[in-house]
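A short write-up of the structure that comes next.
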Amino acid sequence: MKATAIAPANIAFIKYWGKKDDVLRLPLNSSISMNLSGTTTTTTVEFSKSFQVDEVVIIDGNFSEREELRVIKGLDLIRKRAGISWKAKVVTKNTFPKGAGSAASASGFAALTVAGFSAMGLLLSEKELTIIARQGSGSACRSIPDGFVSWEEGNSSESSYAHSLFPSTYWDLRDILVIVDSSMKKVSTTDGMEGVQTSPFLPKRLRLLPDRLEVTKKALKDKDMKLLGEVMEEDCLDMHHVMQAQIPPIYYWNDMTKKIMELVVSWRKNDGIPVYFTIDAGPNVHLICEGRDENFVVEKVKKLQSIESFIINHPSPGARLIQEHLF
Ligand code: 2P0
């Protein structure tokens, strides 16, 4: 049987950095994100008794051996839950450069999970889908529910799941993703998180997070851009400080990243535009603003020298099945 799903990447307003269980991918903290309309993965999965091996293909790209093994582990999770050992063919396509800190693994494992269970003919609840996607890649669980999503850290596999806080239509936000470098990042997030306990800044961040999560939920509820922007920038900087103080340290920013962060602050101060930045595990910068300020931000971005491209994202529904298969 064959099925195809499309899943969005997501941008975390309050970020996931560090695990309390590496195998189950239980995070050290809850996180909150928004699904992104312009950065998606489409994946077709077919299981068949006649396949001898798993075959994994990425259109317009290459999987490393390690990535291919991760996809096969994702298939194993689906096979285990379904109680069927058939091998699979998987074909996948991204609308954006993978490995550039724009959460390709999130959309990838969300699409794989939703397509995979449908291809198995198994109907799971959204909650259970998020629990299984999480074990492929933590942030993938946030790409399954609609719109603005909370991932509850939990203390067991069953209690660490994602759910929608507000649908994608709730608030007309933008994430203008400025790609300053689309090459593969030097340190994968999985490897990077392994050193988190060596960071002297980790305990402070963990202490502050419960309050930040509450503030973020309130900012979303009230559609308060200033409150959301301030807490989002604070947590972004805090997460990067944690990384930069790990042993060995991890620096994802480059000169252009820092330049854009400075510019965003000046657009707020000098032009009065409520636009805020956040940055994941890579050098690319997400500019978050309300829909009415999109034109201002886009015009500023177009004037930037030495960026590769930019993608305008709206809030998006989560992973869902589609009828057009990739093979
Ligand atoms: C986030 N990141 O919350 C944070 C911000 C990166 C920086 O979630 O090891 O690729 O596969 O569970 O899901 C990236 O983490 O890590 C991530 P694994 P994942 O979006």
Side-chain angles (χ1 to χ4, degrees), residues 7-36 39 41 64 66-67 69-71 73-74 77 94 96 98-113 130-144 148-154 157 160-162 175 177 184-196 199 202 205-206 209 212-213 216 231-244 246 250-253 257 277-286 288 313:
N10 66 75
I11 182 65
F13 298 147
I14 299 297
K15 300 194 183 284
Y16 152 49
W17 191 253
K19 302 177 179 76
K20 53 193 172 205
D21 185 313
D22 289 339
V23 177
L24 291 175
R25 286 188 148 78
L26 298 182
L28 286 174
N29 61 275
S30 301
S31 51
I32 295 177
S33 61
M34 177 178 94
N35 286 329
L36 303 177
T39 51
T41 300
S64 67
R66 187 180 181 196
E67 286 170 322
L69 284 174
R70 258 183 99 172
V71 175
K73 267 191 169 174
L77 289 167
N94 287 325
F96 60 104
K98 77 184 166 77
S102 37
S105 66
S107 53
F109 279 95
L112 180 75
T113 306
T130 74
I131 288 168
I132 292 174
R134 186 204 75 227
Q135 295 170 64
S137 183
S139 55
C141 69
R142 297 192 313 236
S143 286
I144 291 180
F148 300 87
V149 176
S150 175
W151 172 13
E152 307 300 333
E153 61 173 285
S157 194
S160 187
Y161 67 98
D175 173 350
L177 168 57
M184 287 294 288
K185 57 195 165 206
K186 288 183 220 87
V187 184
S188 77
T189 47
T190 306
D191 291 345
M193 283 188 209
E194 277 176 12
V196 71
S199 178
L202 177 66
R205 179 165 185 257
L206 292 178
L209 275 168
R212 277 186 201 150
L213 288 158
T216 304
V231 72
M232 180 187 78
E233 277 188 5
E234 182 183 296
D235 191 56
C236 163
L237 293 172
D238 201 3
M239 178 191 73
H240 282 273
H241 295 154
V242 168
M243 295 170 170
Q244 289 161 8
Q246 289 180 198
I250 307 173
Y251 297 97
Y252 283 118
W253 302 342
T257 315
F277 63 78
T278 187
I279 303 153
D280 277 349
N284 303 315
V285 186
H286 296 252
I288 312 292
N313 292 288

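Read the numbers this way: they start at 1 and go in the same order the structure lists the ligands and their atoms. No hydrogens, no waters, no symmetry mates; every other heavy atom, side chains included, goes into these values.
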Report, in ascending order of atom number, the atoms of ligand 1 lying under 4.0 Å from any heavy atom of [X].
X      : result
Thr190 : 9 (O), 11 (O), 18 (P)
Ser105 : 10 (O)
Lys19  : 9 (O), 12 (O), 18 (P)
Ala12  : 1 (C), 3 (O), 20 (O)
Gly138 : 11 (O), 12 (O), 13 (O), 18 (P)
Met193 : 15 (O), 16 (O)
Arg142 : 1 (C), 3 (O), 20 (O)

Next item on the list: Measure Arg70 to ligand 1 on non-hydrogen atoms and call it side chain, backbone, both or neither using the 4.0 Å cut-off.
Entry: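 Within the 4.0 Å criterion, Arg70 contacts ligand 1 through side-chain atoms alone.
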
Check: Side chain, backbone, both or neither: which part of Arg25 has a heavy atom under 4.0 Å from ligand 1?
Finding: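 Answer for Arg25: side chain.
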
Check: Do Trp17 and ligand 1 have an N or O pair less than 3.5 Å apart?
Finding: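 N/O-N/O distance under 3.5 Å: no.
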
Item checked: N or O pair under 3.5 Å between Thr189 and ligand 1 ->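 Looking only at distances, the answer is yes, because the N/O contact criterion of under 3.5 Å is met.
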
Margin query: Looking at Glu194 and Lys19, is there a salt bridge between them, counting it only when a charged N and a carboxylate O are closer than 4.0 Å?
Written below: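 Salt bridge flag = no for Glu194 with Lys19.
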
Margin query: Any salt bridge linking Lys15 with Asp238? Criterion: basic side-chain nitrogen under 4.0 Å from a carboxylate oxygen.
Written below: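 Salt bridge between Lys15 and Asp238, a charged N being under 4.0 Å from a carboxylate O: no.
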
Check: With no hydrogens and no angle check, is any side-chain donor or acceptor of Ser30 less than 3.5 Å from a backbone partner on Glu153?
Finding: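 Confirmed, Ser30 side chain pairs with Glu153 backbone.
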
Item checked: Side-chain (Asp280) to main-chain (Gly282) donor-acceptor, under 3.5 angstrom ->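 Side chain of Asp280 to backbone of Gly282, a donor-acceptor pair under 3.5 Å: no, none is there.
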
Checklist line | Stepwise side chain to side chain donor-acceptor pair (under 3.5 Å) check, Ser139 with Arg134 | finding: CA-CA 7 Å; Ser139 55; Arg134 186 204 75 227; over 6 Å; no

Margin query: I'd like the name of whichever of Tyr16, Phe13, Trp151 reaches closest to atom 4 (C) of ligand 1 through any heavy atom.
Written below: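 It is Tyr16 that holds the nearest heavy atom.
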
Check: Do you see a donor-acceptor pair shorter than 3.5 Å between the side chains of Ser137 and Arg25?
Finding: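 No - no donor-acceptor pair under 3.5 Å links their side chains.
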
Margin query: Using 30° and 60° as the class boundaries, would you call the ring planes of Trp17 and Tyr252 parallel, tilted or perpendicular?
Written below: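 It falls in the perpendicular class, over 60°.
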
Margin query: So, 4.0 Å and heavy atoms of Arg134: is ligand 1 close enough to count as a contact?
Written below: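 Arg134 does not count as a contact of ligand 1 under the 4.0 Å cut-off.
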
Notebook entry, point to check: Is the shortest distance from a heavy atom of Ser31 to ligand 1 less than 4.0 Å?
Noted result: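 Outside the 4.0 Å threshold, so no.
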
Check: Less than 6.0 Å separating the ring centroids of Trp151 and Tyr16?
Finding: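 Yes, close enough.
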
Item checked: Close side-chain approach of Ser199 to His241, heavy-atom, < 4.5 Å ->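 They are not in contact (no side-chain heavy atoms under 4.5 Å apart), so the answer is no.
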
